[in-house]
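Beneath this line is the structure, given in structure tokens, with notes to follow.
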Amino acid sequence: MNFTEIEKKWQKRWEDEKLYSFDTSKRDNKYYVLEMFSYPSGAKLHVGHWYNYGPSDTFARFMRMSGKEVFQPMGFDAFGLPAENYAIKTGIHPKDSTLKNIATMEKQLKAMGASFDWDYEIKTCMPDYYKWTQWLFLQFYKHGLAYRKEAPVNWCPSCNTVLANEQVVDGCCERCGTTVVRKNLTQWFFKITAYAEELLAGLDKIDWPEKTKAMQRNWIGKSTGGEIVFTCESGDKFSVFTTRADTVFGVSYVILAPEHPLVDKLTTPERKAEIEAYKLACSKATEIERLSTSREKTGAFTGAYCINPVNGKRVPIWIGDYVLYSYGTGAVMGVAAHDERDYDFAKKFGLDIVRVIRSADGGDDSLPYCEHGVLVNSGKYDGMTTDEAKVAIVKDLEKNGNGALKTNYRLRDWLISRQRYWGCPIPIIHCPHCGEVPVPEDQLPVELPYDVDFAPDGKSPLLKCEPFMNTICPVCGRPARRDPDTLDTFVCSSWYFLRYPDAHNDKQAFDPEIINKMLPVDKYIGGAEHACMHLLYARFFTKALRDMGYLNFDEPFSSLVHQGVILGPDGNRMSKSKGNVISPDEYVGKYGSDAFRLYLMFGFSYVEGGPWNTSGLESIVRFMERVERLVKKSVDLGTKNGEYGKAEKDLDFVRHNTIKRASDDLKVFSFNTAIARLMEFVNAMYKYMDGNINAAFLRECVEDFVLLLAPFAPHFAEELHEMLGHRESVFKRAYPTCNEKALVRDEYEMAVQVNSRVKAKIVVPADADNKAIEETALADDAVKTALGTLRPVKVIVIPKRIVNIVAK
RNA sequence: GCUUGUGUGGCGAAAUGGCAGACGCAAGGGACUUAAAAUCCCUCGGGGAGGACCCGUACCGGUUCGAGUCCGGUCACAAGCACCA
């Protein structure tokens with residue numbers, strides 16, 4: 001069979017018949033399968049795309065054959081940095097390169113033979129989409145979830161431009177090598193922290209990989225503790241957040257983040273130079289470096305002091321880069337005796353180390369002592385446990401306004417503005433008289449202008465486009481300027497799943513009535529690298545829109561699966577620079593899409609992925625040819641009925657076992673084991689053909705097999721299905737269901753262990769009780785021999801599996 | 001560094017706490033063929049003799065009648081760490 005030829009034939013037929021069109025009258029029976037959409041990069045479809053989309057299409061086809069009205073759309077996450085960088089390098093406009101790339105990818109995705117319904121395609125860079133991204137931004141703005149504040153960015157002083165973290169290599173600009181510094185800019189934020197608690201709680205209700213949920217929980221990073229106010233000798237106040245208020249009597253210094261606004265004010269004149277130098281040094285360190293616990297602690301003394309509110313002690317104020325301005329209050333109390341980092345810091349700078357906690361059982365008393373324990377040197381709190389004192393001290397401080405119990409989250413608000421061209425313009429107008437004014441909804445979209453100079457020179461590219469920037473204030477009608485920033489592309493991808501089912505609505509972002517029926521997504525498939533960002537942002541959007549009254553569900557993706565990563569043959573991540581990139585085209589051209597997809601499903605554990613290896617691909621082709629011969633043979637044999645004896649019963653067992661196992665495995669994305677079962681079924685049919693053949697029965701098995709195979713190798717199965725004399729598409733047929741009766745066995749083989757070593761096999765009737773199994777085991781000759789002079793003291797029987805005789 | 005995972009034959013991988021290595025690749029042997037390809041059959045973790053038996057799921061320890069699986073620790077690798085998407 002010429003696989004590549006039949007693929008074209010069937011793809012055309014599917015398209016002509018609109019086989020995969022979603023029937024909107026059957027929304028009640030919908031099953032929404034969604035693969036994370038693609039970024040249209042310059043290269044062709046990568047093995048990673050095939051690995052994401054191929055197996056999930058198999059799942060979608062299985063659900064379709066299982067009677068669900070499957071909705072499986074596809075689209076493109078088309079804004080983003082790479083297209084802009086490409087444009088800077090080559091002069092090709094991002095819009096032109098992106099649309100061209102999309103056209104190529106569409107063609108390739110179609111050639112893959114996936115059952116996408118292209119009628120619902122989305123491209124985030126088109127005005128008919130980003131109009132609604134802007135509309136959503138405005139809703140967030142109106143509900144107080146979008147705001148502006150100063151935030152640090154990576155800044156290249158030579159290129160005069162903001163850099164993405166990715167563009168910073170070893171602390172230097174990837175383009176010119178200049179040392180990158182951090183600089184504050186006024187930026188737009190979404191208040192995702194308002195949903196921290198619900199984002200955390202919601203994780204318990206969704207069917208997601210545990211590891212992803214664990215990552216999100218830690219990312220949100222809830223911790224309960226207290227805020228304690230320290231008053232400076234200058235009269236200024238600042239608070240620290242701590243989970244260990246019980247150690248507050250042990251404070252020997254406090255540290256402010258170098259970016260803390262009080263630093264400049266507090267620093268004494270003689271310390272100014274040192275502090276400034278230190279701040280400059282900090283602006284060059286990345287956050288990851290700053291948080292490293294193994295890095296040597298650094299810091300500088302401001303010369304100022306504050307008062308410890310619990311004991312009136314005078315405490316020096318330092319700055320240190322292990323304190324982040326973005327977490328907690330941007331200040332911590334230094335308790336050298338009971339915190340690793342504080343201990344290192346105090347040791348290095350010769351600060352006091354005061355013990356205020358000892359272990360409850362008088363055990364290990366070395367410092368730093370970071371466990372919970374009992375208070376000492378803490379005045380009236382001496383003798384309290386950590387848990388008691390943590391609350392008692394803060395409550396006492398609260399009476400004087402010097403403290404409060406507080407829950408803190410590591411999660412920060414989402415910085416959404418970018419000083420870039422190729423993104424969705426922010427629909428805000430800055431009016432000299434009226435201030436920040438949202439663009440009226442009837443003026444959307446704010447179109448991204450085409451003719452813009454986006455060479456990096458220190459300004460947002462749109463800022464240099466006067467026709468774009470100059471506008472009229474919608475409130476007062478006087479000249480005003482547009483916001484020159486664009487939105488983070490994660491904003492575009494935080495709601496695309498809501499747009500798909502109503503993709504062409506030009507009146508609203510989506511019709512809530514439709515969306516409430518079509519969502520949540522029943523199965524979402526994509527890379528694990530999105531665990532903490534995209535997947536969290538999408539959840540945030542869903543919850544915010546629910547509170548605004550547009551949605552009636554809480555979570556966008558009820559069930560989530562991550563595919564693994566296919567590595568290069570050398571075991572490294574595929575990259576052009578390593579020269580280990582595998583091009584699917586070469587193999588697809590030679591063996592066809594079905595063989596390639598089967599190989600990807602069979603050769604790897606789906607969630608693990610692994611290194612590419614070509615040899616398995618040929619074996620898949622051999623398997624397909626073996627299947628083809630089997631079907632031809634069955635066609636030749638005809639359908640004459642014959643005897644149903646032991647051979648038939650045995651084959652029937654394999655047949656129904658295959659149906660059961662393949663279906664169960666497909667439900668959990670265990671494609672490799674499902675295909676292994678299909679191979680066993682084929683092997684069993686070949687073995688059966690060695691004896692007397694009941695042609696009618698064999699045909700039944702072959703028919704079932706072709707149906708079982710269909711989701712895995714759609715074109716091939718269609719062809720076989722046609723060979724068997726069927727006219728309609730195999731995807732209009734139902735997936736075979738298991739006849740449990742065929743799986744009932746009269747007897748089982750069980751292993752018998754003596755002292756946990758297998759010594760014998762026994763066969764027992766299926767309905768034997770534990771007592772009977774034990775007796776059979778003890779009566780077995782091999783068991784008797786193994787026991788020798790030992791006497792059984794205990795017999796453990798696990799029905800249908802094992803007997804273990806414990807003997808002395 | 002922090003968070004989260006992963007570690008099983010020559011290779012890809014399977015194993016609700018219950019016979020480790022299903023299914024396949026590679027390799028070796030055989031059948032068919034003038035020959036080759038294709039196809040079919042057999043062997044295939046290590047030691048031992050092709051037996052009995054012993055060892056074996058990164059390493060060390062623990063729980064259990066029984067551990068690849070659960071618990072504690074160690075090592076190695078991978079992903080993410082907030083402007084790549």
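Lettering of chains follows the sequences in order, A, B, ..., and the numbering in each one begins at 1. These figures come from a predicted structure and were not determined experimentally.
- Using a 30° and 60° split on the angle between ring planes, A:Y587 and A:F596 fall in the parallel class, below 30°.
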Return the polar atom pairs (N/O with N/O) between nucleotides 45-54 of chain B and the protein under 3.5 Å, or none.
none

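- The side chain of A:S619 has B:G24 as its nearest neighbour among B:G24, B:C23, B:A85.
- Nucleic acid contact class of A:G609 (heavy atoms, under 4.0 Å, all strands): sugar-phosphate only.
- The side chain of A:K761 sits closest to B:C19 out of B:A14, B:A82, B:C19.
- The side chain of A:N683 sits closest to B:G24 out of B:C83, B:C40, B:G24.
- Classification of the A:F604-A:Y599 ring pair by plane angle, with boundaries at 30° and 60°, yields perpendicular.
- In this structure, the nucleotide among B:A85, B:G18, B:A14 sitting nearest to the side chain of A:T489 is B:A85.
- For A:F602, taking side-chain heavy atoms from C-beta onward, the closest of the listed nucleotides B:C23, B:A14, B:G18 is B:C23.
- With A:F79 as the fixed residue, the ring-ring contact (aromatic ring centres under 6.0 Å, His included) test singles out one of A:Y39, A:Y421, A:W422: A:W422.
- The residues A:R629 and A:E625 are annotated as not salt-bridged, no charged nitrogen and carboxylate oxygen being separated by less than 4.0 angstrom.
- Separating the CG atom in A:L163 from the CD atom in A:Q419 is a distance of 11.0 Å, to the nearest 0.5 Å.
- If you check every strand for non-hydrogen atoms under 4.0 Å, A:F490 touches a base.
- Set against B:A85, B:C40, B:C19, the side chain of A:D77 has B:A85 as its closest nucleotide.
- Between B:G5 and B:C71, the distance separating the two P atoms is 11 Å to the nearest Å.
- Tested against A:T124, the residues A:F76, A:Y130, A:F37 include a single side-chain contact (heavy atoms from CB on, under 4.5 Å) partner, A:F37.
- When distances run from any side-chain atom of A:N613 to the nucleotides B:A14, B:C11, B:C65, the shortest one goes to B:C11.
- Looking at heavy-atom distances under 4.0 Å, A:R677 makes contact with a base.
- In this pair, A:F190 and A:W414 present their aromatic rings perpendicular. The plane angle is above 60°, beyond the 30 to 60° band.
- In this structure, the nucleotide among B:A79, B:C83, B:C23 sitting nearest to the side chain of A:Q187 is B:C83.
- Within the nucleic acid shown, A:L81 comes within 4.0 Å of sugar-phosphate atoms alone, with no base atom in reach, counting heavy atoms only.
- Here the nucleotide nearest the side chain of A:E680, chosen from B:C40, B:A85, B:C23, is B:C23.
- Side chains of A:Q216 and A:R539: a donor-acceptor N/O pair is present below 3.5 angstrom, by distance only.
- Using the Watson-Crick or G-U wobble rule with both distances under 3.5 Å, B:A37 pairs with nothing in any strand shown.
- At the phosphate of B:A22, neither OP1 nor OP2 sits under 4.0 Å from any side-chain N or O atom of A:R661.
- At a threshold of 4.0 angstrom between heavy atoms, the contacts of A:S417 include nucleobase atoms, whether or not backbone atoms are also involved.
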Find every protein N or O atom lying less than 3.5 Å from an N or O atom of nucleotides 69-72 of chain B, and list the pairs.
none

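- With A:Y322 as reference, A:D342 is the one residue of A:T298, A:D344, A:D342 to meet the side chain to side chain donor-acceptor pair (under 3.5 Å) rule.
- Annotation: side chain of A:Y327 is not in contact with side chain of A:R412 (no heavy-atom distance under 4.5 Å).
- For A:S223 and A:N408, the side-chain atoms include no donor-acceptor pair closer than 3.5 Å.
- Between the side chains of A:E35 and A:N52, no donor-acceptor pair of N or O atoms lies under 3.5 Å.
- Using atom P as the reference point in both B:A38 and B:C25, the two lie 12 Å apart (nearest Å).
- Remark: the separation of the P atoms in B:A52 and B:A37 is 37 Å, to the nearest Å.
- Within 4.0 Å of A:E625, counting heavy atoms only, lies no atom of the nucleic acid at all.
- Contact annotation for A:N672: backbone-only contact, meaning every heavy-atom pair under 4.0 Å involves sugar-phosphate atoms and none involves a base.
- The partner of B:A78 is B:U4, judged by Watson-Crick or G-U wobble contacts that both fall below 3.5 Å.
- Aromatic ring pairs are classed by plane angle as parallel below 30°, tilted from 30° to 60° and perpendicular above 60°; the pair A:Y51 and A:Y606 is tilted.
- Contacts of A:L411 with the nucleic acid, taken as non-hydrogen atoms under 4.0 Å apart, include base atoms.
- Using a 4.0 Å heavy-atom cutoff across all strands shown, A:V153 reaches at least one base atom of the nucleic acid.
- As judged by a 4.0 angstrom heavy-atom cut-off over every strand, A:R420 is placed among the base-contacting residues.
- Side-chain proximity of A:I798 to the nucleotides B:C83, B:C40, B:G18 is greatest for B:G18.
- Here, B:A49 and B:C41 have their P atoms 32 Å apart, quoted to the whole Å.
- Of the side-chain N and O atoms in A:S605, none sit less than 4.0 angstrom from OP1 or OP2 of B:A13.
- Distances shorter than 4.0 Å separate some side-chain N or O of A:R622 from OP1 or OP2 on B:C25.
- No contact: A:E618 has no heavy atom under 4.0 Å from any strand.
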Listing time: all N or O pairs from protein to nucleotides 1-6 of chain B that are below 3.5 Å?
unit_1: B:G1; atom_1: O4'; unit_2: A:S292; atom_2: OG; d: 3.2
unit_1: B:G1; atom_1: O3'; unit_2: A:T293; atom_2: OG1; d: 2.8
unit_1: B:G1; atom_1: O2'; unit_2: A:T293; atom_2: N; d: 2.8
unit_1: B:G1; atom_1: O2'; unit_2: A:T293; atom_2: OG1; d: 2.8
unit_1: B:U3; atom_1: O3'; unit_2: A:N218; atom_2: ND2; d: 2.9
unit_1: B:U3; atom_1: O2'; unit_2: A:N218; atom_2: ND2; d: 3.3
unit_1: B:U4; atom_1: OP1; unit_2: A:N218; atom_2: ND2; d: 3.3

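- Residue A:R412 has no polar side-chain atom (N or O) positioned under 4.0 Å from OP1 or OP2 of B:A82.
- When side chains are defined from C-beta on, A:E84 counts as touching A:P461, because their heavy atoms get closer than 4.5 Å.
- Between the side chains of A:D570 and A:N580, at least one donor N or O lies within less than 3.5 Å of an accepting N or O.
- At a threshold of 4.0 angstrom between heavy atoms, the contacts of A:Q216 with the nucleic acid are absent.
- Across all strands shown, A:H534 has no heavy atoms under 4.0 Å from either base or sugar-phosphate atoms.
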